[in-house]
Amino acid sequence: MVKKSLLFNKMTKFKKGSLKQGQFFSDQYLLKNQMSIDDIEEEINERNKEQELEEKLGEANQEVAKQGSKKKKITNTIMFAFNIIVVVAILTYQLTHSEVESFSNLIASGLFRPAYIFVLVIAFAFTIIIDAYRTSSLLFQSTKKRQFSLCYKMVALGRYWDGITPLSSGGEPFQIYYLSKHNVPAGATISVTLARYILFQLGWLSISIVATIYCNKFYGQANLVSIASFVGFMFNSIVLVGTWVLSRSKKLGKILVAKALKLLQKMHIVKNYEKQYEKVMTTVSSFQNTMTLYTKNIFWFLGLILSQIVQFVVQYTMPYIIYLLLGGTPDASIWLLMLMLSILIDLASSFIPLPGGTGMSEISFTIVFTNIFPNGTAFWGLLIWRFMTYYIILLQGIIVTIYDYVWGDKKFEWQKKKWDLQAESNQFKQNQVKKYNKRNKGKIKL
């Protein structure tokens, strides 16, 4: 216990967020509350965590509000219109500069196999369901509640916001906002969203390494896709490995972050050094806390990583299914090649600022798959592939948004009122029991 002011005087100024910056606990406060040094440090950490959570929720709400502003809506509309113009330009170029088999001829020749449309839909549904299940499993670890429908909508809307924002930057803030809006505790909201990001990056890095090694001959051709995919691979690797190193060594992390931000400040890329430093270190701290929380059951966590890899495999198998749809011959070696090349396409378009990697995705698909698809069908393959990997995600997000607006949000508000009434009823019962026990305290039963 704290009995002398010497112990108190050894306490330094508290971190930002613990009461007021620079404030001390008084001797009287310590003695009155019988607090030890460990108690004080624990209270400081709890208050700092609460402030970090509030700041993250505030940032997410600001980002969503920014996306919903009139100015941002106009910008997104312009970007989407430009997106369509780029796609139309690429498709027009293909129609005029390459041999394209008419769709009627494809059907008449029997090359078109409609049964594979059903396979494509199943593949897409599988990627959404396994993602929602993984999110539900993460949420259950934090809240002990299974909310699959909420997690499905979170995944669908997160993908939608990734699809309409440059560099897929809008998904995570919206997911944080969406979970907090639906009564998920702040700590669980942040940890689940960050854990999803970690699992995505670990799975993505794993298959990217395999694809990069497998396609080493393709890299020797030094074309647009090979160069862009290699840059994308290096960028994603640096982000994940860098965050991991920083989270494992705080001392080294602080030095590296400080030097990097000072360099960026000199280059006039970073304006507010202190604010950015605090933001980066908060992210690193959250990364570490999340990994500690979820890796307590290491086999469960590894299973989640495996499910992420399986999701990627199914997702990148879609070009092969489209190849079969348009008359291709089933072949395991072609499937493996198209799987790996599909990963390279996403690597190549991962750092393109346009939403959905527009432009680079279409160009990359044309370059790597024209000689694989049956003659004259690559154009139709591109159309179907782009719809199944991008436009259907936007369509799904719009449908979920409309559902929430028309029915889902109203249903949740009704459910919320029901929970509040149940809580009030339980509290009333507890109070009545306490009053009864108090009245009958000391009475002897005969």
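For the pair Phe140/Lys145, no side-chain contact is recorded, criterion being any heavy-atom separation below 4.5 Å from C-beta on.
Under the side chain to side chain donor-acceptor pair (under 3.5 Å) criterion, Ser307 pairs with Arg134, sequence neighbours left out. Contacts of Ile384 classified as side chain to side chain contact (heavy atoms under 4.5 Å, CB included), with partners at least two apart in sequence or in another chain: Leu120, Ile322, Leu325, Leu326, Met388. By the side chain to side chain contact (heavy atoms under 4.5 Å, CB included) test, Ile129 pairs with Phe148, sequence neighbours left out. Here Glu101 pairs with Asn105, Leu106 under the side chain to side chain contact (heavy atoms under 4.5 Å, CB included) rule; sequence neighbours left out. The side chain to side chain donor-acceptor pair (under 3.5 Å) check on Tyr160 picks up nothing, with sequence neighbours excluded. With sequence neighbours excluded, the residues satisfying ring-ring contact (aromatic ring centres under 6.0 Å, His included) with Phe369 are Phe365. Annotation: side chain to side chain donor-acceptor pair (under 3.5 Å) contacts of Ser208 (sequence neighbours excluded): none. Annotation: side chain to side chain contact (heavy atoms under 4.5 Å, CB included) contacts of Ala125 (sequence neighbours excluded): none.
Phe200 and Tyr197 have their aromatic ring centers separated by at least 6.0 angstrom.
Each side chain to side chain donor-acceptor pair (under 3.5 Å) pair with one or both residues in residues 313-324, not counting sequence neighbours, appears once here: Tyr316-Asp346, Thr317-Trp335. Applying the salt bridge (Lys or Arg N to Asp or Glu O under 4.0 Å) test to residues at least two apart or on different chains, the pairs with a partner in residues 193-208 are Asp131-Arg196. The stretch residues 101-127 participates, sequence neighbours left out, in these ring-ring contact (aromatic ring centres under 6.0 Å, His included) pairs: Phe103-Phe112, Phe103-Trp380. Applying the salt bridge (Lys or Arg N to Asp or Glu O under 4.0 Å) test to residues at least two apart or on different chains, none of the pairs has a partner in residues 370-383.
Side-chain contact of Tyr294 with Ser142: a donor-acceptor pair under 3.5 Å is present, judged by distance alone. Using a 3.5 Å distance cut-off with no hydrogens or angles, the side chains of Asp331 and Thr329 do not pair a donor with an acceptor.
Between Ser361 and Ile345, the shortest heavy-atom distance links the atoms O-CG2, 4.0 Å. Taking every heavy atom of both residues into account, Pro374 and Gly327 meet most closely at CG-C, 4.0 Å.
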Stepwise, does the side-chain hydrogen bond (donor to acceptor under 3.5 Å, both in side chains) test hold for Ser137 with Trp300? CA-CA 10 Å; Ser137 184; Trp300 168 79; 2.9 Å; yes
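Between the side chain of Arg159 and the backbone N or O of Met154 there is no donor-acceptor pair closer than 3.5 Å.
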